[in-house]
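Report on the structure given below.
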Amino acid sequence: KAGVTQTPRYLIKTRGQQVTLSCSPISGHRSVSWYQQTPGQGLQFLFEYFSETQRNKGNFPGRFSGRQFSNSRSEMNVSTLELGDSALYLCASSVDTDTQYFGPGTRLTVL
Amino acid sequence: KQEVTQIPAALSVPEGENLVLNCSFTDSAIYNLQWFRQDPGKGLTSLLLIQSSQREQTSGRLNASLDKSSGRSTLYIAASQPGDSATYLCAVERVGNTPLVFGKGTRLSVIA
């Protein structure tokens, strides 16, 4: 069974731009969660989608948004990028509330 | 608010040594606790998941214990190898459908 895939793996953007990251969960998994990882703050929860509905949301500004499609694939969008948005963005999928399986991440660099 | 702390932040040991990584959490009302491994620049690999009703879980050379009442978990690695070098993270899930709360990890180096 294929694991969680994330595209792109690396991304370089400049301040003020917007970016969209994609996550394809393991087949049969309906929950997708997004996390931001930085050296200073560690792993922080962004949001979780289950069956196309946002089920949980972390403490991030409205510039961070996401959605989930009927095939469970998910995208997250960051608008008006800031230098501090540079991070490894990880998504994780699960059947529902059980073990989460993580993808390899997207490394975003904002210049 | 749940807080997860991992001590030490970094650890260096010679190959073959047994070692213990520590994780503490402030709110004992947890649904489960999970240990992950992360290699540099990579995603997370789940190592062990302990349900709140369990005391420990074992997988190969790894053993994780959970003491909810004291808010502590340990990850025991037996006969460490250079390939065990990585960052180890613990994460807790509160009762109910809530997101994982992570510690900042322990960076382990096993020296050959």
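By convention in this document, chain letters (A, B, ...) are assigned in the order of the sequence lines, proteins followed by strands, and residues within each chain are numbered from 1. Side chains are part of it too, since the values below use all heavy atoms of this structure and drop only hydrogens, waters and symmetry mates.
No path of Ile, Leu, Val, Met, Phe, Trp and Tyr side chains, each step under 4.5 Å between heavy atoms, connects B:Phe102 with B:Tyr88, placing them in separate hydrophobic clusters. Under the 4.5 Å side-chain contact rule for hydrophobic residues, A:Val4 and A:Tyr49 do not share a cluster. A:Phe60 and A:Trp34 fall within the same hydrophobic cluster, where Ile, Leu, Val, Met, Phe, Trp and Tyr residues are linked whenever their side-chain heavy atoms come under 4.5 Å apart, directly or through other members.
Distance check, rounded to the nearest 0.5 Å: CZ of A:Arg9 to NZ of B:Lys42 gives 7.5 Å. To the nearest 0.5 Å, atom CD of residue A:Gln37 and atom CG of residue B:Leu89 are 6.5 Å apart. Separating the CZ atom in A:Phe102 from the CZ atom in B:Phe36 is a distance of 4.5 Å, to the nearest 0.5 Å.
In this structure, no portion of B:Gln51 lies under 4.5 Å from any heavy atom of chain A. Heavy atoms closer than 4.5 Å to chain B are found nowhere in A:Phe47, neither backbone nor side chain.
For B:Gln34 and A:Gln100, the side-chain atoms include no donor-acceptor pair closer than 3.5 Å.
Two residues are said to be in side-chain contact when any heavy atoms from C-beta on lie closer than 4.5 Å; B:Leu44 and A:Leu43 meet this criterion.
Other residues, nucleotides and ligands place no more than 12 heavy atoms under 6.0 Å from the CZ atom of B:Arg72. Annotation for A:Tyr101: atom OH does not count as buried by contact number, only 12 or fewer foreign heavy atoms lying within 6.0 Å. In the displayed structure, A:Asn59 atom CG is contacted under 6.0 Å by at most 12 heavy atoms of other residues, nucleotides or ligands.
For the residue pair B:Gly43 and A:Leu90, the shortest heavy atom distance occurs at CA-CD2, 3.8 Å.
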